[in-house]
There are 2 protein chains.
Amino acid sequence: MKRLTTEDVARIAGVSQSTVSRVLNDYPYIKKNTREKVLAVIEELGFTRDEIARSLVEKRTKSIGLILGSISNPFFAETAEVIIERAQELKYDVIVYNTGHKDENLEQAINLLIGKRVDGIILTSVSKNYTEKIKKLHKNGFPVLLYNSSLDIEDVNFIVMDNNKGARLAVQHLLGLGHERIAKISGPSKYLATYERTMGYKQELADNGYAIDGDLIFNSEFSYDEIYSFTKKLLKKKDRPTAIIAASDQMALAVLGAASSLDMKIPDDLSVVGFDDIRLASNEFIGLTTISQKMDQMSLTALEKLIYLIEHKEEAAESIQIFLEPELMIRRTTGPAPKQE
Amino acid sequence: MKRLTTEDVARIAGVSQSTVSRVLNDYPYIKKNTREKVLAVIEELGFTRDEIARSLVEKRTKSIGLILGSISNPFFAETAEVIIERAQELKYDVIVYNTGHKDENLEQAINLLIGKRVDGIILTSVSKNYTEKIKKLHKNGFPVLLYNSSLDIEDVNFIVMDNNKGARLAVQHLLGLGHERIAKISGPSKYLATYERTMGYKQELADNGYAIDGDLIFNSEFSYDEIYSFTKKLLKKKDRPTAIIAASDQMALAVLGAASSLDMKIPDDLSVVGFDDIRLASNEFIGLTTISQKMDQMSLTALEKLIYLIEHKEEAAESIQIFLEPELMIRRTTGPAPKQE
DNA sequence: CTGAAAGCGCTTACAG
DNA sequence: CTGAAAGCGCTTACAG
């Protein structure tokens, strides 16, 4: 079928095309009679304005891009839900990209989104390799906000938790329970967020007089299978750790799966701490002890700051750099260290 | 900053704007020399073609809409991941809407997406109330595909599991384990998918000579809290069920959470069956018995069929209606019925 | 209040 | 091979 245009509406309503456009835009000085006639025709025809043409003229699309590491990870899914719903309320729609944590995909996603002329982009899981690219976008005045990632430079907007402190909280908690061999499943160190979680872990251990054992640290991609099999191997060792801190709740679930496959009891045989506090963590059947990122707040703020950047480009003098406080959520997956045989 | 146009590129390269456009479109009859000159300028300037303007001319946006019930539910998140990644490979981007399972939002999302001139829409969780709207879109030749929903009419494309059979498999499994009081947490009956799961449950029980007890059936919205508190109440009753079938894995997790909060052991005190087979279901720490939807296959097929509809509108004579076979995945949350005291 | 016309940044038929 | 020009469906300054 041929799509209807304002021209068609105008012809049938017996007015000019520009008048139809004015009605659509709630232009105030239109005779009531004219407005009603036009509206009636629009209704009758089921006309929907072409937002693409409108975007071309107005030089804005009312779309934003959301680039996620992996949307099947509840951390990203829950983030996406908050962002999408709030965006919708503010009359923006959201184009979602899934990078699978691959740098090439990140770069490609940014380029495609810019081609699609989105008004701004929220970016998760940005690796340090992309500092230059982000900086350039920022300098060009293009609204970009890093979510749960930061870069060590001034010219960039981000919202992130104090990851170092979060990791320290986790370590403190486990030390307090008597654990002395605590492993760390880290994400890739190219991400500042995961890098800092590992640093916090090391520093807190050091501050308490413990040596760092490299065998207890796993620097992996975010692959369920890799984490799963590393954990199994680790837990079968003679000097296995009695506790594991994972760099995300998703990773913690892989750890729990691996431990369960070895018939280990949680937390009697092994304590596990995650990071994020996805909704499932507080489900009593799971009861995952974790470091809360205050995801709802973080994602809501991210969206609102981005929209602010979009709608107040001129005034935006300073970069937006927000740090959130981590919070330890103690649940069922951590307990006293088992008496060593 | 002012955005660069093909006009700018042309001026600098010393050719006409149309030549730049031809280079961009890989038009074959361009002198090699000219092409290289243009490409060099594009590269140097960091020019990105305006896809909005292109869409206006070509009457297609290379965008599709994906309307989800609730993306924080892993069923939808995992679906979205497959669809988004495959779409990206096929050079489409995906605008995601989250309806929160509200009919008004569904309708609004469809309208907004049509305004944005997406090339097609994948729709989940369509209630029967929307039969007319979908039919109309379909009749207008607009590519729409229902995912995990079906409507009882010819003029609509969908991909769905045999839900009735899936529910029957769950009931058979539990009857085989000796359960006689089996509850059903249903979704809203306005969705054909959940409606049929409830029907299958009733029919299989009836076929085996059991009466249907209305008190054991909960027709709720997809609200975690409601399901959680209903389940708690149900499990405190004197004649409590020994098994519960939930209409989704997400709901099953709410059930498990409620049971755990009452210190019930799974499956010793209570057996639980879900629906979907989200990835978490096969995690050994959870081990949720469920009816597999073959989500990866279902979502991949959905996307590919939609793109087919988009790119072969003319030939698309018949509606696409695909039914998938359910499969029972037996794990740790189901076991023999407890001996009744 | 309302119409005619220019312009947003592209593609592509038409000429040469 | 390449340029000039029309046209995609809107918005909005300019006139009246």
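Note that the structure is predicted; figures quoted are calculated from it, not measured. Below, chains carry the letters A, B, ... as their sequence lines are ordered, and counting in each starts from 1.
To the nearest angstrom, P of C:dG9 lies 10 Å from CZ of B:Arg3. Between A:Arg11 atom CZ and D:dC10 atom P there is a gap of 13 Å when expressed in whole angstrom units. Distance CG (B:Asp26) to C1' (C:dT11): 14 Å, rounded to an integer number of Å. Rounded to an integer number of Å, the gap from CD of A:Gln17 to P of D:dC10 is 7 Å. If you measure from atom CD1 of A:Ile30 to atom C1' of C:dG3, you get 11 Å, rounded to the nearest angstrom. In this structure, the CG atom of B:Leu56 is 12 Å from the P atom of D:dT11, given to the nearest Å. One can place CD of B:Glu58 at 13 Å from C1' of C:dG9, the figure rounded to the nearest angstrom. Summarising the geometry, the separation between CD on B:Glu7 and P on D:dA4 is reported as 10 Å, rounded to the nearest angstrom.
Checked by distance alone, B:Arg117 brings no side-chain donor or acceptor within 3.5 Å of a matching partner on the base of D:dG9.
For residues 87-97 of chain A, the salt bridge (Lys or Arg N to Asp or Glu O under 4.0 Å) pairs, not counting sequence neighbours, are A:Arg86-A:Glu89, A:Asp93-B:Lys116.
Classification of the B:His312-B:Tyr308 ring pair by plane angle, with boundaries at 30° and 60°, yields parallel.
Taking a pair as Watson-Crick or G-U with both hydrogen-bonding distances under 3.5 Å, the stems of three or more pairs touching DNA chain D are C:1-3 with D:14-16, C:5-12 with D:5-12, C:14-16 with D:1-3.
Within the structure, every side-chain polar atom (N or O) of B:Lys59 is placed at least 4.0 Å from both OP1 and OP2 of D:dG7. Taking side-chain N and O atoms only, A:Thr5 has no distance below 4.0 Å to OP1 or OP2 of D:dG9. In terms of phosphate contacts, B:Ser16 brings no side-chain nitrogen or oxygen within less than 4.0 Å of OP1 or OP2 of D:dT2.
Crowding of A:Glu154 atom CD: a count of heavy atoms from other residues, nucleotides or ligands under 6.0 Å not exceeding 12. The number of heavy atoms from other shown groups lying within 6.0 Å of NZ (A:Lys128) is above 12. Atom CD of A:Glu43 has 12 or fewer heavy atoms from other residues, nucleotides or ligands within 6.0 Å. Around the NZ atom of B:Lys62, the shell of radius 6.0 Å holds more than 12 heavy atoms that belong to other residues, nucleotides or ligands.
A donor-acceptor pair shorter than 3.5 Å can be found between the side chains of A:Glu81 and B:Ser70. Between the side chains of A:Gln17 and A:Thr6, a donor-acceptor pair is found at a separation under 3.5 Å.
Two residues, A:Ser18 and B:Thr6, neighbour DNA chain C, and the one matched to the more 5' nucleotide by heavy-atom proximity is A:Ser18. Both A:Arg22 and A:Leu4 sit near DNA chain D, but only A:Leu4 has its closest nucleotide nearer the 5' end.
Partner of B:Tyr130 under the side chain to side chain donor-acceptor pair (under 3.5 Å) criterion, out of B:Lys190, B:Lys135, B:Glu107: B:Glu107 alone.
Annotation: proximity of residues 32-55 of chain B to DNA chain D (heavy atom, distance under 4.0 Å) is found for B:Thr34, numbered in ascending order.
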